[in-house]
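Reviewing the structure listed below.
Each chain gets a letter, A, B and so on, in the order the sequences are listed, and its residues count up from 1. Values reported hereafter were calculated over all heavy atoms of this structure, with side chains retained and with hydrogens, waters and symmetry mates removed.
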Number of protein chains: 2
Amino acid sequence: MELSCKSEYALLALIVLRDHYLDAEPVQIRQIAMQQNIPDRYLEQLLAVLRRSGLVRSQRGARGGYSLAREPWQITLLEVINCIEGRDITAPIGEPAETTERIAIREVWQRACSQMSEVFRGCTLQELCDRRDNRQTSQLMYYI
Amino acid sequence: MELSCKSEYALLALIVLRDHYLDAEPVQIRQIAMQQNIPDRYLEQLLAVLRRSGLVRSQRGARGGYSLAREPWQITLLEVINCIEGRDITAPIGEPAETTERIAIREVWQRACSQMSEVFRGCTLQELCDRRDNRQTSQLMYYI
DNA sequence: CGCAAAACCCGGTGGTGAACCGGGGTATAC
DNA sequence: GTATACCCCGGTTCACCACCGGGTTTTGCG
């Protein structure tokens, strides 16, 4: 599986946006790019996709920038990845399959996709940030 | 995730080989290719990879061909895919990640890879063929 | 022995997408 | 009205996938 570089960049950007979630002012591309070490012109394209999908809001002109369009606990990683990858990663790719052999393969493949997607569906942007903030603490909490 | 066309072709070929598992004579590339609608010159490359990984045996010369190197219930789909994809799909790709943000992302991504791999690890070539042979029957059996 | 049938090896090609850069257009705060 | 940001569009480089073809080597068989 290859959640290419794109998805990682997008998630990194969203993490920054959630860090400034309560700020009055939006965050600029340049700032995100420098902070997370992402080529800014490339990040611009990804943020455009996130905006068109309604995950992110933009403010044009001077003092403009980006901000989250939703609360961080209402954004799942699956949404972000699906949106940035441009397709539904819950299902296999390619045409539906016709022979019994190919159908059998697709069945297993479908289950694999679903299992993977469930991990991403079960993690929100908020949880991702929590996990970053104190990984050891949260891991302890899981065992209580 | 994209278990590209390659993996599907390889699995289709292995299904044919398992159908002739008890035959004395090996199966030719041409025969597999025509039966499964795979370009034969391309299939040749894939079978070469499977052979180098010890999943398949080859017999050169006239009346030659390919046969399974192991019993079909001792070949998991994960082995086949890892072998044909040329890497361990159990783990994410790319360099290890340095910042806390990237580490957090990788953690989730790693879990997703593992969940997906488990599906492929838990399915053998034998089971794949059984599933093809009588899908409705086996589905009934699962509920008993 | 000779021939045909098969695997083997190696290189090339067309297409696609990823990751990136750059130029100019447009909206907006000050 | 000017600086500052987003916005839009295109191009480029690179790698990989799917595939093709030529030529070599091995082997069964008449």
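- When each of A/Tyr9 and A/Ala62 is assigned the nucleotide of DNA chain C with its nearest heavy atom, A/Tyr9 is the one assigned upstream, toward the 5' end.
- B/Glu44 places its CD atom 15 Å from the P atom of C/dG11, with the value rounded to the nearest Å.
- Here the P atom of nucleotide C/dC21 and the CD1 atom of A/Ile38 are 12 Å apart, to the nearest Å.
- Note on A/Arg51: a side-chain N or O is less than 4.0 Å away from OP1 or OP2 of D/dC8.
- Formation of a donor-acceptor pair under 3.5 Å by the B/Asp40 side chain with backbone atoms of B/Met34 is not found in this model.
- Between A/Arg52 and D/dC8, a side-chain N or O to OP1/OP2 separation shorter than 4.0 Å is present.
- Distances shown here put a side-chain N or O of A/Ser58 below 4.0 Å from the OP1 or OP2 atom of D/dC7.
- Comparing C/dA19, D/dG22, C/dG11 by their closest approach to the side chain of B/Gln45 singles out C/dG11.
- Residues B/Val49 and B/Leu55 fail the side-chain proximity criterion, which asks for heavy atoms closer than 4.5 Å.
- Proximity note for A/Arg60 (side chain, C-beta onward) versus D/dC19, C/dT26, C/dC21: the nearest is C/dT26.
- Spacing between atom OH of A/Tyr42 and atom P of D/dC9 amounts to 18 Å, rounded to whole angstrom units.
- Between B/Leu14 and B/Leu50 there is a side-chain heavy-atom pair separated by less than 4.5 Å.
- Residue whose closest nucleotide on DNA chain C sits further toward the 5' end, between A/Lys6 and B/Arg30: B/Arg30.
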